[in-house]
Amino acid sequence: MNKRNLIDSTLETNRVYAQKLSNTTDVFFNMTLNTFEYSAQLLAPIMLRDDDDREVQLLEEANRLKYQTNTLNSIIIAAADGEILATSPHTLDLIGDTLNSEGGKQAFAEQKPLISKPYKGITGRYIIFISYPIFDEQKQYLGLVGGTIYLMEDNVLYELLGDHFYEDGSYVYVVDPDGRIIYHEDHDRIGDLADQNPVIQELINTNSGAQRVINTRGVDMLAGYSYVPTSGWGIVSQRPTDAALVANQKMITRMILNALPSLLLSILLIFLISRLIAMPLQKLAILTEDSTRNNQKDRLFRVKAWYYEAIQLKQALTYSLGFLHDKVDHMTHESQTDALTQLTNRRTMDKLLGTWIEEKRLFSLIVVDIDLFKRINDTYGHAVGDEVLKYLANMMEATASQSTVCCRYGGEEFVILLPEAGIKEALELAERFRKRISAQESPCGDVITISAGIASYPSDADNKVDLFNLADQRLYEAKRNGRNQCNAGPELIGPHEQ
């Protein structure tokens, strides 16, 4: 692949990645505003009361919002005149003070759902304020309920955006509608104005896309960027151009695959959606105690709803929880499985290997590659090639034991993981698989063959990178020696059948 194609591919990958992060952030803000909307409905009758229980109930609601999801650093409930009625955590010590911060003033003035620009709050922190107005039944403005994100401290943005999937100088950062940095891996950069950057100028104009740019440190970067409609933010994912240009064809293929929704991001999104959708159950949690168990839908049926609003809420929650469980199951399956072969995907495999190595657990791995697969695609077409890949995956699972994990690594390359197995057991399995494949016709009408490289932890290597490199080296030695054979090292080379 030439230089231009490598650059274009990297730009597109970063654009897709930035768009994915933008969608995730947008979902978070919409759900946060929906949560505050529901809380505002609950707070309206409480704020109109003047009895002794009013302060207690306001504090309970503030604590519920703060600790139910723990995605916001603090919660504030304020009256229409700006008086702070309740906060969470209590260490803020602001009850009775006037909410006169920049975000608070804007929220009182506009009396509508608001995601503020970054500013220094009354606690002295650099923050973003998310708020929702509270109205009574006659549409009289009673105040607001809101939450803050502390930009200079650990916050939900670090969970939503996480680390860039490349570890070669690539990173993600976020700017507000004025081009001011509000999230960056370098905390010292938060608050800097970067509106002269061409990418930031595009985001200020609400555009999304990708382009090559020189960053503020003079590094040539390939940047993808995406506009977040709900907040007006812009998310940038960029990779050093030099890192992209050293990649070979296989690395580019893996990069494209990695641009698909990652497992960790999917799990995080599932967790946030589950917690945010479940928030209304907290009013019924006095009876059910735990709203995050798998059987929470069954427990909800047992809640005695004796008034109209509770009955309606129970019905809505029952439907929502059923839908959510189906969605979570589907998303979990999609994030862990290769779409074509239905085998375990590479990201899940990497996580599993990391766990095994951390636990110092004995295991072996077999790297399998279809011999002359390009000739199958060139002769019969990619549709038939895909059928051959699915056929190989089915045969692999039929040959492997129940404890074995079969994975698609990328392209025509597959990996078999054998927990608690040494090099000889792995070689025996590889040989059975190789013989079985070479003994019958594949979907293309011809017999296909495979080559395999085998390595074992910890006898061959004590880390994942060296272990894979050794298995790859043995695989390509098998191919150089004539293909259709398994290589587990100088002393353990499987028979070669022509």
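Worth saying up front: this structure is predicted, and the values here are computed from it rather than measured.
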Chemist: Between T35 and Y132, does a side chain to side chain contact (heavy atoms under 4.5 Å, CB included) hold up when you go through it step by step?
Modeler: CA-CA 9 Å; T35 298; Y132 204 94; over 6 Å; no

Chemist: Is a donor from one side chain sitting under 3.5 angstrom from an acceptor on the other, for Y17 and S226?
Modeler: no

Chemist: Side-chain contact, heavy-atom cut-off 4.5 Å: Y225 with V175?
Modeler: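 They are not in side-chain contact.
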
Chemist: Check whether any side-chain N or O of S116 sits under 3.5 Å from a backbone N or O of F129 as a donor-acceptor pair, and report yes or no.
Modeler: yes

Chemist: Roughly how far, to the nearest 0.5 Å, is the CG atom of D369 from the CD atom of E412?
Modeler: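 With rounding to 0.5 Å, CD (E412) is 4.5 Å from CG (D369).
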
Chemist: Mind checking whether F29 and W233 have parallel, tilted or perpendicular rings, split at 30° and 60°?
Modeler: perpendicular

Chemist: Examine distances only and state if a side-chain atom of R239 and a backbone atom of S170 form a donor-acceptor pair shorter than 3.5 Å.
Modeler: no

Chemist: Run the salt bridge (charged side-chain N to carboxylate O under 4.0 Å, His left out) check on K390 and E387 step by step: do they pass?
Modeler: CA-CA 5 Å; K390 291 191 284 186; E387 292 302 316; 3.0 Å; yes

Chemist: Determine yes or no for a side-chain-to-main-chain donor-acceptor pair under 3.5 angstrom, with D176 supplying the side chain and D178 the backbone.
Modeler: yes

Chemist: Give a yes or no on this: more than 12 heavy atoms of other residues, nucleotides or ligands lie within 6.0 Å of atom CZ of R375.
Modeler: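 Incorrect, the count does not exceed 12.
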
Chemist: Using only atom types and a distance under 3.5 Å, with no angle test, would you say the side chain of N205 pairs donor to acceptor with the backbone of N207?
Modeler: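 Judged by distance alone, no pair lies under 3.5 Å.
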
Chemist: For the atom pair CD (E413) and CZ (R346), what is the distance rounded to the nearest 0.5 Å?
Modeler: 9.5 Å

Chemist: Pick out which of V367, L392, I450, I366 makes a side-chain contact (heavy atoms from CB on, under 4.5 Å) with F414.
Modeler: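 Result for side-chain contact (heavy atoms from CB on, under 4.5 Å) with F414: L392.
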
Chemist: Counting only N and O atoms by type, is there a donor-acceptor contact under 3.5 Å from the side chain of N14 to the main-chain atoms of L222?
Modeler: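 It does hold such a pair.
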
Chemist: Could you give the distance from CD1 (I128) to CD1 (I182), rounded to the nearest 0.5 Å?
Modeler: 4.0 Å

Chemist: What distance do T337 atom OG1 and L343 atom CG have between them, rounded to the nearest 0.5 Å?
Modeler: 9.0 Å

Chemist: Checking side chain to side chain contact (heavy atoms under 4.5 Å, CB included) for the pair Y171/N215: CA distance, chi angles, key distance, verdict?
Modeler: CA-CA 12 Å; Y171 59 91; N215 71 6; 3.5 Å; yes

Chemist: State, yes or no, whether a side-chain contact exists between R180 and K117 at a heavy-atom distance under 4.5 Å.
Modeler: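 In short, these two side chains do not touch, never coming nearer than 4.5 Å.
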
Chemist: Dump the intermediate steps for side chain to side chain contact (heavy atoms under 4.5 Å, CB included) on R474 and L470, then the final yes or no.
Modeler: CA-CA 6 Å; R474 290 173 175 174; L470 179 59; 3.7 Å; yes

Chemist: Main chain of R408, side chain of D338: is a donor-acceptor contact present, judged purely on distance under 3.5 Å?
Modeler: no

Chemist: Would you check if P419 and R361 make a side-chain contact, meaning some heavy-atom pair closer than 4.5 Å?
Modeler: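 P419 reaches R361 side chain to side chain.
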
Chemist: Hey, mind stepping through D371 and S451 against side chain to side chain donor-acceptor pair (under 3.5 Å) and telling me if it holds?
Modeler: CA-CA 7 Å; D371 296 328; S451 298; 2.7 Å; yes

Chemist: Does Y457 reach the side chain of L353, with side-chain heavy atoms less than 4.5 Å apart?
Modeler: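 Result no, sub-4.5 Å side-chain heavy-atom pair not found.
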
Chemist: Go through the side-chain N and O atoms of Q19 and N23 and say whether any donor and acceptor fall under 3.5 Å apart.
Modeler: yes

Chemist: Heavy atoms only: give me the nearest A478-A452 pair and the separation to one decimal.
Modeler: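 Minimum heavy-atom separation between A478 and A452: CB-O, 4.1 Å.
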
Chemist: Minimum heavy-atom separation for L144 to S131, with atom names?
Modeler: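 Result for this residue pair: CD1-CB, 4.5 Å.
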
Chemist: Can you measure from CG (L6) to OG1 (T241) and round to the nearest 0.5 angstrom?
Modeler: 11.0 Å

Chemist: Centroid-to-centroid, Y409 to F468, below 6.0 Å?
Modeler: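 Yes.
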
Chemist: Keeping the roles fixed (side chain from S9, backbone from N5), state whether a donor-acceptor pair exists under 3.5 Å.
Modeler: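 Flag not set: sc S9 to bb N5 has no pair under 3.5 Å.
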
Chemist: Measure the shortest side-chain to side-chain distance between I115 and T32 over non-hydrogen atoms and say whether it is less than 4.5 angstrom.
Modeler: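 Sidechains of T32 and I115: no contact.
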
Chemist: Heavy atoms only: give me the nearest L264-K351 pair and the separation to one decimal.
Modeler: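 Smallest heavy-atom distance, with atoms named: CD2-NZ, 4.4 Å.
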
Chemist: Does the side chain to side chain donor-acceptor pair (under 3.5 Å) test come out yes or no for E61 and S39, once each step is laid out?
Modeler: CA-CA 8 Å; E61 179 63 10; S39 181; 2.5 Å; yes

Chemist: Got a donor-acceptor contact below 3.5 angstrom from the D26 side chain to the S22 backbone?
Modeler: no

Chemist: Nearest 0.5 angstrom please: I370 CD1 to S442 OG, how far?
Modeler: 8.5 Å

Chemist: Tell me, do L362 and P458 make a side-chain contact under 4.5 Å, heavy atoms counted?
Modeler: yes

Chemist: Quick one: does T230's side chain get under 4.5 Å of F28's, heavy atoms only?
Modeler: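 No - every pair of side-chain heavy atoms lies 4.5 Å or more apart.
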
Chemist: Quick check: do T348 and V405 have side-chain heavy atoms less than 4.5 Å from each other?
Modeler: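 Side chain of T348 against side chain of V405, heavy atoms only: no contact under 4.5 Å found.
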
Chemist: State, without any angle test, whether S88 and N63 hold a side-chain donor-acceptor pair at a distance under 3.5 Å.
Modeler: yes

Chemist: Minimum heavy-atom separation for F363 to L365, with atom names?
Modeler: CE1-CD2, 4.4 Å

Chemist: What's the shortest heavy-atom distance between L417 and L352, and which atoms?
Modeler: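 Smallest interatomic distance, heavy atoms only, reads CD1-CD2, 4.0 Å.
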
Chemist: Can you give me the closest heavy-atom contact between I416 and F433, atom names plus distance?
Modeler: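 For I416 versus F433, the nearest heavy atoms are CD1-CD2, 4.4 Å.
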
Chemist: Apply side chain to side chain contact (heavy atoms under 4.5 Å, CB included) to the pair L114 and F36, showing each step before the final yes or no.
Modeler: CA-CA 11 Å; L114 173 69; F36 283 157; over 6 Å; no

